Structure formats: C-alpha cells, structure tokens
Number of protein chains: 2
Amino acid sequence: MTADRATVYDVAARAGVSTATVSFAFRRPEKVRPETRERVLAAAHELAYVPSASARGLAHGRTRALGMLVHGVLLQRPEGVLAAATGTDPILDRARVFPLYVDEVGHGVELCCHRHGYSLLVNGVAAGSSGADAFADLAGRVDALVVFRDTVPRPVLRTMAERMPIVELAAASRDPRLCHVTVDDTGGARAMTEHLLAEHRLRRLEFVGDVAVWDQRRRFAGFAAALRARDLPVPAALSHGGHARHHAARIAENLAQRLAGTRRRAPQGVVCATDEVALALIDALSHLGIDVPGDIAVTGFDGILASRVFRPALTTVRQPMERLGSLAIDLLIERLDHPRLARAAVQLPVTPVIGNSCGC
Amino acid sequence: MTADRATVYDVAARAGVSTATVSFAFRRPEKVRPETRERVLAAAHELAYVPSASARGLAHGRTRALGMLVHGVLLQRPEGVLAAATGTDPILDRARVFPLYVDEVGHGVELCCHRHGYSLLVNGVAAGSSGADAFADLAGRVDALVVFRDTVPRPVLRTMAERMPIVELAAASRDPRLCHVTVDDTGGARAMTEHLLAEHRLRRLEFVGDVAVWDQRRRFAGFAAALRARDLPVPAALSHGGHARHHAARIAENLAQRLAGTRRRAPQGVVCATDEVALALIDALSHLGIDVPGDIAVTGFDGILASRVFRPALTTVRQPMERLGSLAIDLLIERLDHPRLARAAVQLPVTPVIGNSCGC
DNA sequence: CTGAAAGCGCTAACAA
DNA sequence: TTGTTAGCGCTTTCAG
C-alpha cells in the first residue's frame, strides 16, 4: 500500500509537456494555452496527482500555513478535574474541562485561518518541557504563528520574531517585532472589585490568583487599585501555585478557618483571577459547608461557558476570546502581506457579567 | 525583516563539519561523537537554526503531521443562529454555536495528535465547494487524515485512501482501504423512541431530520424500528433541507397546525436527528406559543453542551465525541506504523441522557 | 506559449 | 566517525 504518489514529472510525461507547464497549468492558468491546460488537468486527474506541499514549500519559500502553540497540559486536561465532577451527567461533567479559554481562542484562530485560506497547524508543548523544541518544530513548518503566553521562553520567541511574524497572546514585551493581543485585565478586575465594594458593600476582600503570571498579575493590580481608591488595605494574593483545582482546597481551608474566627476580620468576598480557580474554590468551599454567596462572595474572570453552567452562576468578567484568536491571525496575515509593518500590541475590552456568586 | 533563516549549510560551515553531520547531530545523536555534536548544537543555537519542515518532508517522505478536514460552514457558524439567540447573556448566546459536535470531536483529535507527537493540520471546506480542492491541498501536506462525512466526494476519498491512511467519520463504505468511525445511531434513536413510547405512552410520533445524510438516515431507521415493533405506522421524516435553524420554523408551523386540529391525530412527540435541530425546533415552537414538553415532547441526538444549557434540558442521546476523534487518530497512526494493516470500521456505543424535553 | 535547468534545504546512501 | 553527493518534487527564471 501507500503507493507512490504521482509527481509533476508523471503528469508532464502523460500530458506530453514539460514540468514547468504542469506547474503553470495549476498556478498561472493565464500563462498556458487553454487546450494545453485541459490536457494537463486531465492527466493530473487520471493520475490522481496531488502536489506535495513539502516540495512546494521548499521551492516557494512559503507554506501557506499558520501555527498555533498551546500548553500541552491544557490539551490533556488533568484527570483530577474530571474526578472532581459530580459524575451524574456526562455532558455537564465534560463542561468542566471543555471548552476552556484556550478552546474558545483556538476557535477564533481556526475560523480566521479558514477565512483567509490558510491551513492551521496546532502543536502542544509537552508538560515539563521548556517549549523551545515544540516551538522550533512548529516554526519550521509555518509562515507565522501565534503562541499562548508562557509556552516558550521569551528570548527564543524574540529571536524567531526577527524571522517571521509572531503574536504572543496575553502577554506584553518591548520587543520591536513581537506582536501582542491582550485584554483589559486591570480594568476588568477593578470593575469587578468595585462591584463588590459598591453594590454589595463588602470591605474585606481577598484575591486568589498566581501573580507570577502576567495577566493574573494585571488582574491583581486592578483589584488592588479598586481597594486603594477607597483607602482599604490590600491583602497579598492567595496564590495557587500549579493547577487551580489542586490548590483550591488549601485556599478554601484557609478561608474557612478565618470565616470561623472573629466576625470582624473574616473575609467577605474573593476576587479570583480566573473562572477555573473560582469554580474550583466554590466547590471546595461547598465541601467545607460554606455557602457561596451566602457566607462569602466569589467572582471569576474569563467568562468560560462553565461559569454559566454551574450553580451559582459565576459573576465574572468576559474576555472576547474568539476575537482574541481571530485578531491574532489578522495581525499575522497583515504582516505576511506587508513585511515592513511595525509590531502591534492590541488590547481588547472586557465585559462584566453579573451572576449569583457575588450575591446579586 | 523576515531575515533569511539559517540552513544546514550555515550550521555546517560554522561548526566546521559537513551537512550530513549536522543532520545526524540532530536526528541520530548516537552516530556522532559527543564533542562534535556539542559543536554542531552550539553553532545551530548561535545561528538560531530552525530546520525547514518542507525540506525535511521532501527528503524524508513524511511530514509527521496529520490532517483534519471539516465543513467550512461549521467553522463559520451561520449568523442566523446567533441572531436567534436571546441576546441578554453573551456567554449563553455563544453556547448556541460553540462547542458543537465538530468542536468536541476536534478536541479529541487534537489531544490524540499531541499525545503521539504529531502536528495537526486543520482545513475547512469552503461553503459551496465540492471539497476536492481543500482535500487535495490538505492531503499534500500530511501523512494521513481524518475527514468529516460529506466534506469530500467519496470517489476522491477512495482514490486517496490507496495512498495514505484515511478515516471518514460518521459514514460507511465498502472501500477496502477507507477506515470509518461511527456510533450506534440506530440503537440510540431506537432507545430514545422507545422511551417516548414506553415511559410516556406516546403513540403519534414524528421524526425530524435529513435522511439524505448517512447518520441521520440511520437514526430514522432506529425510530422506524421502534414504531414497527409496536405495530405503529411510520411517518415520513420531516426533512430540514439545509441549515437546521432555517427550516425549523417551517416544521414548527406544520406541527402547530396539526396540534390545533383534531386532537386524535395531533402529533405527541418529535424525535429529532440532531440536538441542533431539536433546539431550533423548540425555539420555533415556543415562538408559536407551543410549550415543550407541555404540548409536545421533543428529543435530540448528539449530546452537545447546548442541550444541557438551555431550558427545557433536552432529552437526547450522547455520542462519545472526543473518543470518536481520538480513536480516528489512533487508527491512522496504527496504519502509519503498520502499513499492511487492514481497514477498520469501528462503531462506538451511545448513552441516552434524560432531560425534561420529553416530559420526564 | 512552452521547455530546459537551476535551485529550495534536508536526508541517507555510499565512500573515505 | 565524518564527508560527498544524489536526489526528494516543485517553482521559476531564462531561452527559444
């Protein structure tokens, strides 16, 4: 099996023309006499000729494919998450792990590639790897690519950005070539915090998130700004080191202890850096007998579908995820078409979405 | 910009070795003395060398990429669908169009490619095109591919299947090379129909679906079998020609008229071939003042997330969509590793999911 | 309008 | 262990 594929040579021989004519018949129809073209196309069809993209890419210097690099761990969702699911409804169980942020952004990327007639290559960074290898592999295959933040060491990205258009999502740099697409993390988190302060008259708020991560750090900044604007003290972020769900239990215990202690010092609300950690936290709190929003308010960030599917509906900040992805591709294609275009750094607005987890 | 990428020649020159040694240093480390290898790697790093996948693919004859071909119309969801959304909650509105069947299957495909260390190429068939071009383009880029049913004319698929492993999803053929992954459409639809007949004691049921489509035809067969088993007459399928939502309104009117007519002949339940059309039908009925399940029962098929997100929760049959995708990739990789392996045709089981739309 | 031929960058015999 | 070299299949000048 896997019979040899027909090549231009085969087609040329069969049609009684040269390989150049075969190539032109496909790519530059106007440069070939109609009857010759017919003959070539017929021969190609009879031989089931399929041009090799490798050969074409090599000769032409472009692949007409774009790449997307994602975290492997996000691809293969940790089993712990599913294990934590209620287990009664297979469809809802699945909603916990799909679609997440990366999936929705990916959908926008796919859509936009299709619209522009580009193929899309998707690669995942293996858990525990630096990402440099997966990145190089992908970069060798495409004309331009979009990477999720923290999949690839910045220096590697920077170097590559001199050779091809690259968009890094949800991150920023002063690199003269790297493009970025972000959302208004700070404004969104500030508005959310302000909602808890103004509408719900809460005063003792906590922030849960990993401030080592660029966008989560920005969200913390928004949280802090809202508190400072009211002369309230800003607590340190409660960090969930690795995977959200894993550490949510620990944070829930911390909160539970303080909730059980002096009334006056007990936290009244938690602003979470992501929906994932917010949902995990609500679960963990509920396991400890603490009700949200009854005993404490919780808010999220991202606006993933799961935030609407589980109860209480999460009060959160929605990112225009699909738009993020399609915008990234637009930037890449612009730069492919106009190589001298300057780098771009676009920030998209976010939308607060009020649910019940804040007490509304 | 887009400075020229470094090549093996550059690296070889810099490291003072031949290009063969550079190649070996990367692909066959054991065939190169460690210190030579070090030197090559260092040179490669200094030059930011990234191997060209095109050149490699051409020379080696494999790309280490797999392809997935989807319907373009499924990628760029028709706007009509979003227009029909309630418009109050941006997150829920989106749940109407994402994730659908294709997205969940695609997730399984992605996951499995990543697990096996393959890149994934995604292409969409432009609306109105035969798919043959998009298929050829994709086939020229990958080692093997999975296509959704009806994206590509069967003869084209058949011819290509002689050259490379191909899985066609949700379809069947007697082709000696083409692989297929399907689900138990007939059994699932039969069980669903039986549920309406036995639990709800309904007798006058309708089927809505496009029997021109392979899997929907099978579902109709299951519906018919359940009715026949009870000596009930089998009505013709109410077909929604093109896009589900577009025609749901027409079908809803048909049902409404009959519901308004003689009690004894009015339909009591509708078994839909897909969740999409079921949800659209419920919407359309509701616009006409008909309540589901109060006035009439409606069931779906697929188990997309939207079936759980909207009210009434749809009684439906869930396909193991992610598994479908990953199984397809497993079959491809098996056949890439063992070219003489026979074609495979695997049918996966389905799970009834009881919601409220049937009256439960 | 068509043909000849020189690469594109890498791999893998085969030689050394 | 390393170097030489002949392709892989296509595009694209340059001649005719």
Side-chain angles (χ1 to χ4, degrees), chain A residues 2-41 43-44 47-65 136-137 139-143 163-164, chain B residues 2-41 43-44 47-65 136-137 139-143 163-164:
Chain A
T2 310
D4 281 347
R5 284 132 113 140
T7 71
V8 263
Y9 298 106
D10 303 322
V11 177
R14 178 146 194 151
V17 299
S18 76
T19 61
T21 305
V22 174
S23 183
F24 282 146
F26 280 100
R27 315 289 162 208
R28 303 252 191 296
E30 73 283 1
K31 305 199 72 171
V32 174
R33 206 192 319 152
E35 53 213 80
T36 312
R37 182 171 140 80
E38 280 314 314
R39 203 144 35 88
V40 171
L41 260 33
L47 295 172
Y49 167 66
V50 171
S52 150
S54 294
R56 175 142 25 143
L58 182 56
H60 186 251
R62 306 235 123 161
T63 63
R64 243 193 128 67
D137 179 75
R141 296 171 179 271
V142 300
D143 295 337
R163 258 102 175 161
M164 56 166 61
Chain B
T2 309
D4 282 346
R5 281 130 115 141
T7 72
V8 261
Y9 298 106
D10 303 325
V11 176
R14 177 144 195 155
V17 299
S18 77
T19 61
T21 304
V22 174
S23 184
F24 280 145
F26 280 99
R27 315 289 163 209
R28 301 253 190 296
E30 73 281 3
K31 305 200 72 173
V32 172
R33 205 193 318 154
E35 54 212 79
T36 312
R37 183 170 139 79
E38 280 313 315
R39 204 143 36 89
V40 171
L41 261 33
L47 295 171
Y49 168 66
V50 171
S52 150
S54 294
R56 172 139 30 138
L58 181 56
H60 186 251
R62 308 234 123 165
T63 63
R64 246 196 123 66
D137 180 75
R141 296 170 179 272
V142 300
D143 295 336
R163 260 103 175 162
M164 56 166 61

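Remember, it's a predicted structure, so these values are computed and weren't measured experimentally. Here is the naming used below: chain letters follow the sequence lines, and residue numbers restart at 1 for every chain.
- Rounded to whole angstrom, the span from the CZ atom of B:Arg27 across to the C1' atom of D:dT1 amounts to 19 Å.
- An OP1 or OP2 oxygen of C:dT2 is reached within less than 4.0 angstrom by a side-chain nitrogen or oxygen of A:Thr36.
- In plain terms, the two heavy atoms of B:Arg62 and B:Asp143 that are nearest each other are CA-OD1, 3.5 Å.
- B:Arg39 has its CZ atom 12 Å from the C1' atom of D:dT1, to the nearest Å.
- The residue A:Tyr49 sits close only to the backbone: its heavy atoms come under 4.0 Å of sugar-phosphate atoms, none of a base.
- Residue A:Ala59 has its side chain nearest to C:dG7 when only D:dT2, C:dG7, C:dT11 are considered.
- Judged by atom type and distance alone, A:Tyr9 does not reach the base of D:dC8 through any side-chain donor-acceptor pair under 3.5 Å.
- Contact annotation: B:Ser52 does not reach the phosphate of C:dG9 (side-chain N/O to OP1 or OP2, under 4.0 Å).
- Using a 4.0 Å heavy-atom cutoff across all strands shown, A:Val22 reaches no nucleic acid atom at all.
- Atom P of nucleotide D:dG3 and atom NZ of B:Lys31 are separated by 14 Å, given to the nearest angstrom.
- Between A:Phe24 atom CZ and D:dC10 atom P there is a gap of 15 Å when expressed in whole angstrom units.
- For C:dG9, neither phosphate oxygen OP1 nor OP2 lies less than 4.0 angstrom from any side-chain nitrogen or oxygen of B:Arg56.
- If you measure from atom CZ of A:Arg62 to atom P of D:dT12, you get 12 Å, rounded to the nearest angstrom.
- Position along DNA chain D of the nearest nucleotide to B:Ala55 versus A:His60 favours B:Ala55 as the more 5'-ward residue.
- Comparing A:Pro51 and B:Thr21 by the nucleotide of DNA chain D whose heavy atom lies nearest to each, the residue mapping closer to the 5' end is B:Thr21.
- Relative to the side chain of A:Ser23, the nucleotides D:dT11, C:dG3, C:dA12 differ in distance, and D:dT11 lies closest.
- Distances from the side chain of B:Ala20 to the nucleotides C:dC10, D:dT4, D:dT12 place D:dT4 closest.
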(request) Would you check, one step at a time, whether the test side-chain contact (heavy atoms from CB on, under 4.5 Å) holds for B:Arg141 with A:Arg141? (result) CA-CA 10 Å; B:Arg141 296 170 179 272; A:Arg141 296 171 179 271; over 6 Å; no
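- Residue A:Arg5 has no polar side-chain atom (N or O) positioned under 4.0 Å from OP1 or OP2 of D:dG9.
- When rounded to the nearest whole Å, the span between CG of B:Asp10 and C1' of C:dC10 equals 13 Å.
- Counting only heavy atoms from C-beta on, A:Thr7 has its side chain closest to D:dC10 among C:dA5, D:dC10, C:dG9.
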(message) Applying side-chain contact (heavy atoms from CB on, under 4.5 Å) to B:Tyr9 and B:Val22, what does each step give before you reach the verdict?
(response) CA-CA 9 Å; B:Tyr9 298 106; B:Val22 174; over 6 Å; no
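- Looking only at side-chain heavy atoms (C-beta outward), B:Arg56 and B:Arg27 come within less than 4.5 Å of each other.
- B:Arg14 and B:Asp10 are not joined by a salt bridge, as no carboxylate oxygen comes within less than 4.0 angstrom of a charged side-chain nitrogen.
- Between B:Arg28 and C:dT11 there is no side-chain N or O to OP1 or OP2 distance below 4.0 Å.
- Residue A:Pro34 is the one, among A:Pro34 and B:Val50, whose nearest nucleotide of DNA chain C lies closer to the 5' end (criterion: closest heavy atom).
- Per the geometry, CD belonging to A:Glu38 stands 16 Å off C1' belonging to C:dC1, to the nearest Å.
- Counting heavy atoms from C-beta on, the side chains of A:Val40 and A:Val17 come closer than 4.5 Å.
- Between A:Arg33 and C:dT2 there is a side-chain polar atom (N or O) within less than 4.0 angstrom of OP1 or OP2.
- What separates CG of A:Leu58 from C1' of D:dT11 is a distance of 10 Å, to the nearest Å.
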